[in-house]
Amino acid sequence: MLSPGKTKRARMWVYVGDSDHPYNVFDFTLDRGRDGPKQFLKDLHAGLLADAYGGYDGVVAGNAITRAGCWSHARRKVVDAEKTAPEIAREVVALLRPLFAIENQAREASASERLEIRQKQSVPVLAELRQKLLVWKEQLIPQHPMADAVNYILNHWTELNVFCSDGAVPIDNNASEREMKRVVLNRKNSLFVGNPRGGRTFRNSG
């Protein structure tokens with residue numbers, strides 16, 4: 001955003017609804033602080049699927065929100081460290097592949113049907129993956145890049161497993177990332193918003 005004599009970072013947040021609320025809403029804030037999403041989501045009584053940005057902890061604290069993790073982000077962490085431990089990376093990706101295949105098969109199912117499918121098919125895969133992660137955690141030195149990826153998954157294990165207890169929660173937040181590409185495209189074309197009003201105008205037209 002333009003600011004007197006300089007530019008200033010601002011933020012655009014996207015909220016992707018569920019099947020009962022099929023709306024994508026953009027919200028403009030002046031910073032990345034938690035106050036913007038906390039205010040926006042203050043009446044939400046559902047799961048919040050997002051990446052591992054620490055600011056979301058303050059958003060869910062004190063609210064009736066269950067934080068869910070994104071398996072695409074988790075997989076990306078492993079792929080980014082692939083060159084340092086290719087065998088581990090291949091095994092993790094191979095184990096995650098059926099999880100995403102299950103999601104594709106259950107895409108048209110109801111939330112309750114999807115939950116049943118996940119509990120029967122996804123939970124055993126996750127149990128196997130966790131056991132392997134714990135073994136790798138002991139084998140890798142803490143400074144190893146793949147150790148960071150393994151610890152990322154283990155540290156967010158509860159959030160990453162929410163989709164197996166709530167059929168309405170997606171396995172990843174790729175839908176929101178696709179929506180944010182519209183913001184990125186606009187930023188490339190127009191470079192800046194002129195002021196907070198301009199940011200809110202883009203939000204309403206995006």
Side-chain angles (χ1 to χ4, degrees), residues 16-20 41 44-61 63-178:
V16 178
D18 55 22
S19 58
D20 294 329
L41 299 170
L44 179 67
H45 293 73
L48 174 65
L49 174 63
D51 60 31
Y53 168 52
Y56 295 131
D57 292 335
V59 174
V60 301
N63 290 338
I65 299 174
T66 300
R67 182 170 176 178
C70 171
W71 272 108
S72 285
H73 277 84
R75 180 173 58 185
R76 196 173 305 151
K77 290 280 186 181
V78 173
V79 172
D80 287 346
E82 180 180 9
K83 290 183 179 179
T84 65
E87 292 183 4
I88 292 177
R90 283 195 293 269
E91 196 160 355
V92 172
V93 171
L95 280 168
L96 291 179
R97 193 172 294 119
L99 286 183
F100 286 90
I102 292 166
E103 293 303 302
N104 286 332
Q105 295 169 5
R107 182 178 293 130
E108 302 302 324
S110 65
S112 59
E113 292 170 338
R114 191 179 304 113
L115 178 59
E116 184 177 357
I117 293 170
R118 288 170 173 173
Q119 290 180 340
K120 287 181 178 178
Q121 300 183 39
S122 301
V123 168
V125 176
L126 290 169
E128 181 181 358
L129 174 60
R130 187 171 187 274
Q131 290 303 312
K132 290 181 178 294
L133 290 169
L134 291 171
V135 171
W136 293 325
K137 178 181 173 68
E138 295 300 318
Q139 294 175 344
L140 296 166
I141 62 173
Q143 297 80 14
H144 198 287
M146 186 58 76
D148 287 339
V150 168
N151 286 327
Y152 175 93
I153 298 175
L154 290 173
N155 291 340
H156 297 93
W157 191 255
T158 298
E159 293 86 353
L160 288 167
N161 278 261
V162 167
F163 82 106
C164 283
S165 60
D166 185 342
V169 173
I171 193 173
D172 58 41
N173 66 344
N174 288 352
S176 64
E177 293 200 356
R178 286 193 296 269

Side chain to side chain donor-acceptor pair (under 3.5 Å) partners for [X], two or more places apart:
X	value
Arg118	Glu103
Asp166	none
Asp20	none
Thr158	none

With Met146 as partner, the option from Ile141, Leu140, Asn151 fulfilling side chain to side chain contact (heavy atoms under 4.5 Å, CB included) is Leu140
If you compare all heavy atoms of [X] against all heavy atoms of [Y], which two are closest, and at what distance to 0.1 Å?
X	Y	result
Gly69	Leu49	O-CD1, 3.0 Å
Leu133	Trp157	CD1-CZ3, 3.9 Å
Pro142	Asp148	O-OD1, 4.0 Å
Pro170	Phe163	O-CB, 3.8 Å
Arg114	Ala109	NH2-O, 2.7 Å
Leu115	Cys164	CD1-O, 3.3 Å

Checklist entry - Does the side chain to side chain contact (heavy atoms under 4.5 Å, CB included) test come out yes or no for Val16 and Arg178, once each step is laid out? => result CA-CA 10 Å; Val16 178; Arg178 286 193 296 269; over 6 Å; no
Residue set satisfying salt bridge (charged side-chain N to carboxylate O under 4.0 Å, His left out) with Arg67, at least two apart, ordered chain then number -> Asp57
Contacts of Glu116 meeting salt bridge (charged side-chain N to carboxylate O under 4.0 Å, His left out) (sequence neighbours excluded), chain-then-number -> Lys120
Sorted by chain and residue number, the side chain to side chain contact (heavy atoms under 4.5 Å, CB included) partners of Ile102 (sequence neighbours excluded) come out as Ile117, Gln121, Ser122
Side chain to side chain contact (heavy atoms under 4.5 Å, CB included) filter on Ala74, not counting sequence neighbours, yields Trp71, Tyr152, Ile153, Leu160
Here the gap from Ile65 atom CD1 to Leu41 atom CG, rounded to the nearest 0.5 Å, amounts to 5.0 Å
Distance col, row Gln105:CD vs Arg107:CZ, nearest 0.5 angstrom, shows 10.5 Å
Quick note, salt bridge (charged side-chain N to carboxylate O under 4.0 Å, His left out) partners involving residues 167-177, not counting sequence neighbours, are Arg76-Glu177
Quick note, salt bridge (charged side-chain N to carboxylate O under 4.0 Å, His left out) partners involving residues 151-163, not counting sequence neighbours, are none
Residue pairs meeting side-chain hydrogen bond (donor to acceptor under 3.5 Å, both in side chains), one or both in residues 80-92, sequence neighbours left out, come to Glu91-Lys132
Atom pairs and distances, side-chain donor-acceptor, residues 92-99, under 3.5 Å, sequence neighbours left out:
none

